[in-house]
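Just below is one structure, and these are the notes that go with it.
Everything numeric here is computed off the predicted structure, so don't read it as measured data. Letters go in sequence order (proteins before strands), and every chain restarts at 1.
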Number of protein chains: 2
Amino acid sequence: MELSDRKKRILRTVVDRYIQTAEPVGSKAVAESCGFQVSSATIRNEMVALEQMGLLEQPHTSAGRIPTPLGYRVYVNELMEQQRLSLEETEMINRALRSKVQQLDRIISEAGKLTSQLTNYPAYALTAKVKECTVERFAIVTIDAHTFILVAMLSDDSVKNKLVRLHYEIRADQLTRLGSVLNARFTGIGERDITPELIVSAERSIDDSLGLVAIAVGFTIEILTASRAHDSFLTGTSHLLDLPEFKDTDKAQKIIRYLSDDAELLKLPAPDAAGSARITIGPENLAEELKDSSVVVARYNVGDDMQGIIGVVGPTRMDYTQVSSKLAYIAQGLGWLLSGGFTLPGDE
Amino acid sequence: MELSDRKKRILRTVVDRYIQTAEPVGSKAVAESCGFQVSSATIRNEMVALEQMGLLEQPHTSAGRIPTPLGYRVYVNELMEQQRLSLEETEMINRALRSKVQQLDRIISEAGKLTSQLTNYPAYALTAKVKECTVERFAIVTIDAHTFILVAMLSDDSVKNKLVRLHYEIRADQLTRLGSVLNARFTGIGERDITPELIVSAERSIDDSLGLVAIAVGFTIEILTASRAHDSFLTGTSHLLDLPEFKDTDKAQKIIRYLSDDAELLKLPAPDAAGSARITIGPENLAEELKDSSVVVARYNVGDDMQGIIGVVGPTRMDYTQVSSKLAYIAQGLGWLLSGGFTLPGDE
DNA sequence: GTTTAGCACTCTTACTTCCCGAGTGCTAAA
DNA sequence: TTTAGCACTCGGGAAGTAAGAGTGCTAAAC
């Protein structure tokens with residue numbers, strides 16, 4: 001498919017304008033738009049050609065043209081110029097990311113919030129474990145004679161904890177022994193390696209009449225099971241209601257409900273490589289609910305064990321340029337922070 | 001204000017029906033409704049009286065009546081019977097709560113989700129610290145020569161952690177010393193007690209040429225600052241779009257946007273005592289955005305240091321009976337779980 | 001051959017008008 | 001005090017109308 005320069009320019013103008021206004025774009029508007037020296041009639045002829053190529057369509061006779069999904073695809077692939085984020089924007093993202101990265105568990109949800117704020121579209125964030133998790137290290141913190149906190153550091157660098165309250169008193173040395181047996185026998189192994197025999201043998205080894213091992217192992221299994229599941233977060237759904245394409249509450253509701261379902265989010269397309277953004281337009285989406293919407297996703301990696309996905313959902317008329325730039329930057333920044341250390345590019 | 005039995009019964013019928021259908025209730029419908037032996041004309045006369053008392057109103061002449069906010073208030077205060085949750089329902093809540101209480105930090109957000117699911121209205125959850133937090137205990141977990149996790153257990157029983165990666169190598173004994181000085185000097189004190197002098201003296205005491213103390217204390221301050229702030233979660237906003245009163249996207253958007261603002265959520269009314277639910281109807285709300293909506297909130301306490309709030313937002317035509325029962329039960333269950341231990345009433 | 005101007009045509013959107021029916025308030029009788 | 005009957009009111013949906021934007025086509029101009 002070969003497009004003349006003029007056709008490209010017209011297509012780009014139509015897409016840009018339609019992204020902004022959500023109104024079909026007429027030939028006159030295109031002709032008047034930046035620096036065309038030809039009349040609207042000429043534009044009309046070209047637009048007919050673009051329509052026959054399947055890049056534009058008319059919602060009805062005698063309305064302006066709007067891009068088809070294929071038109072958006074061509075725009076995204078060939079016409080869209082990668083937008084440079086301004087210094088202020090990168091600064092802001094850096095600052096926001098850095099201040100959010102206090103607690104490992106929360107980063108992902110915070111990254112989602114940030115994305116939604118910056119793009120003005122709903123954003124979702126997922127974590128996905130590539131490998132099965134194991135506990136790297138247990139720690140026990142005594143609160144009082146009845147109470148302690150069991151802390152587990154997992155192989156994906158996250159930390160889980162549980163407050164344990166017992167009806168009977170426990171001595172410090174019992175907890176110490178519990179800690180050592182947990183660290184000796186239950187670290188570095190996956191959920192399926194925790195057998196009843198292992199538990200019994202561990203209980204014997206410290207003469208565990210109180211059943212502390214059983215409690216701790218129960219918690220461990222809970223954690224490992226939960227960590228196999230994916231975490232997901234959705235924010236900024238109210239942005240959808242801003243858009244004219246969702247002024248019909250039914251549509252908005254369907255899509256928000258769809259996005260609220262963790263299981264569905266997991267099925268969404270993911271980019272192959274970290275850092276870059278992948279764009280899925282309208283009917284390219286497999287899910288029926290998203291046939292009228294577009295999804296932009298970026299991936300980041302944390303070590304080898306874990307990866308995360310941040311995505312933005314909007315109408316096909318999404319501002320692809322802006323969204324994909326910002327998303328890619330955020331994903332990259334996250335990757336740096338999580339696996340690198342404290343500094344982001346641009347920091348001194 | 002004295003209401004005859006018949007008037008009470010009529011008011012209750014109107015409110016119940018309007019809650020279900022969202023349509024103005026006519027005299028005929030009331031007359032036919034359960035067991036009235038009088039004609040619609042009699043009902044009409046009574047309804048005029050109720051209207052003059054300010055309990056009912058007509059959206060326009062020749063439509064049925066709908067309750068005024070005052071009408072709802074009377075309904076809530078005098079006519080509503082506390083609904084007993086069914087055994088299945090309490091079982092389900094118990095099960096859901098128990099399985100969620102793995103990780104202290106997440107409980108509150110999970111409780112919000114649960115509430116929203118059970119009531120079919122949007123729910124929000126807040127934590128509020130009554131007292132300033134302190135770190136109870138530090139723990140350091142070594143990952144490799146460049147990396148360790150700093151874990152802090154706070155006085156509110158939550159656990160915070162931070163992955164620290166350095167460009168230079170650190171020895172195990174350096175970390176051990178860091179741990180002891182942190183536990184010796186930085187536990188049990190509030191944010192404002194962390195003075196530069198304290199930091200310098202701590203650094204000297206372990207000959208900290210690597211600046212580890214500075215990093216750890218920086219993290220501590222971050223945590224204490226953040227824990228003073230409130231956490232808030234909002235879920236189930238899509239339920240709003242089900243309701244006819246929010247079929248206008250503008251209204252829905254305004255209220256969702258309002259609820260997404262943490263600062264505003266904090267201003268919402270809170271119940272005085274834990275366990276019971278407080279109901280705020282329409283114009284009783286101070287916020288302009290909520291003048292057409294009602295809020296049901298319940299509070300739970302965790303020890304003396306912390307308390308949390310769970311709230312449900314819906315139209316004035318909210319199913320107060322159902323919502324307040326469930327909310328009270330959930331709040332109660334949470335309180336038990338968080339401060340008591342493992343068992344819920346009804347468990348064996 | 002390409003571009004332009006002009007014109008008739010189409011289709012949506014917004015606005016007005018009109019009718020229907022549900023539900024009321026009043027009055028008079030039971 | 002309750003009931004039946006009746007005229008009246010008003011919102012909502014259907015139908016009809018006018019305006020406007022944008023098109024496709026044709027014929028002339030470059």
On DNA chain D, compare the nucleotides closest to B/H60 and A/V25; which residue's is nearer the 5' end? B/H60

Tell me: [atom1] of [X] to [atom2] of [N], nearest whole Å?
X      : N      : atom1 : atom2 : value
A/E32  : C/dT4  : CD    : P     : 14 Å
B/R65  : D/dC10 : CZ    : P     : 14 Å
B/E46  : D/dT3  : CD    : P     : 11 Å
A/M47  : D/dT23 : CE    : C1'   : 10 Å
B/K247 : D/dG12 : NZ    : C1'   : 11 Å
A/R6   : C/dT2  : CZ    : P     : 10 Å
B/I43  : C/dG25 : CD1   : C1'   : 16 Å
B/R17  : C/dA22 : CZ    : P     : 15 Å

Any [X] side-chain N or O less than 4.0 Å from OP1/OP2 of [N]:
X     : N      : value
A/R44 : C/dA5  : no
B/S27 : C/dG23 : no
A/S39 : C/dT4  : yes

Tell me which donor-acceptor pairs under 3.5 Å the side chains of residues 116-124 of chain A have, and how far apart each pair is, sequence neighbours excluded?
{"from": "A/S116", "atom 1": "OG", "to": "A/Y121", "atom 2": "O", "distance (Å)": "3.0"}
{"from": "A/T119", "atom 1": "OG1", "to": "A/T115", "atom 2": "O", "distance (Å)": "2.9"}
{"from": "A/T119", "atom 1": "OG1", "to": "A/Y121", "atom 2": "N", "distance (Å)": "3.3"}
{"from": "A/Y121", "atom 1": "OH", "to": "A/D319", "atom 2": "N", "distance (Å)": "3.2"}

Look at the side chain of B/R278 and the backbone N and O of B/A270, then say whether any donor-acceptor pair between them is shorter than 3.5 Å.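 A pair under 3.5 Å: yes.
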
Sole residue of A/T235, A/L241, A/L234 in side chain to side chain contact (heavy atoms under 4.5 Å, CB included) with A/T237: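 Between A/T237 and the candidates, side chain to side chain contact (heavy atoms under 4.5 Å, CB included) is satisfied uniquely by A/L234.
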
Inspect the contact between B/E245 and B/R317 and indicate whether a charged nitrogen and a carboxylate oxygen are less than 4.0 angstrom apart.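 Yes.
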
Which base sits across from C/dA30 as a Watson-Crick or G-U pair, both distances under 3.5 Å?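 When the pairing criteria are applied, D/dT1 turns out to be the nucleotide that pairs with C/dA30.
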
Return the pairing partner of C/dA8 with a 3.5 Å limit on both distances, Watson-Crick or G-U wobble; otherwise return none.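 Across any shown strand, C/dA8 pairs with D/dT23.
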
Whichever of B/N45 and B/G64 has its nearest DNA chain C nucleotide further upstream toward 5':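 Nearest-nucleotide comparison on DNA chain C picks B/G64.
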
Residue pair B/S238 / A/I256: nearest heavy atoms and the distance that separates them: CB-CG2, 3.5 Å

Of the nucleotides D/dG24, D/dA4, D/dC10, which one has an atom closest to the side chain of A/Q58? D/dG24

Taking atom types as they are modelled, is there a donor-acceptor pair under 3.5 Å from the base of C/dT10 to the side chain of A/S62?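 Such a pair is found, so the answer is yes.
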
Looking across every strand, which nucleic acid part, if any, lies under 4.0 Å from A/T61 by heavy atom: base, sugar-phosphate, or nothing?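 Contact class for A/T61: sugar-phosphate only.
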
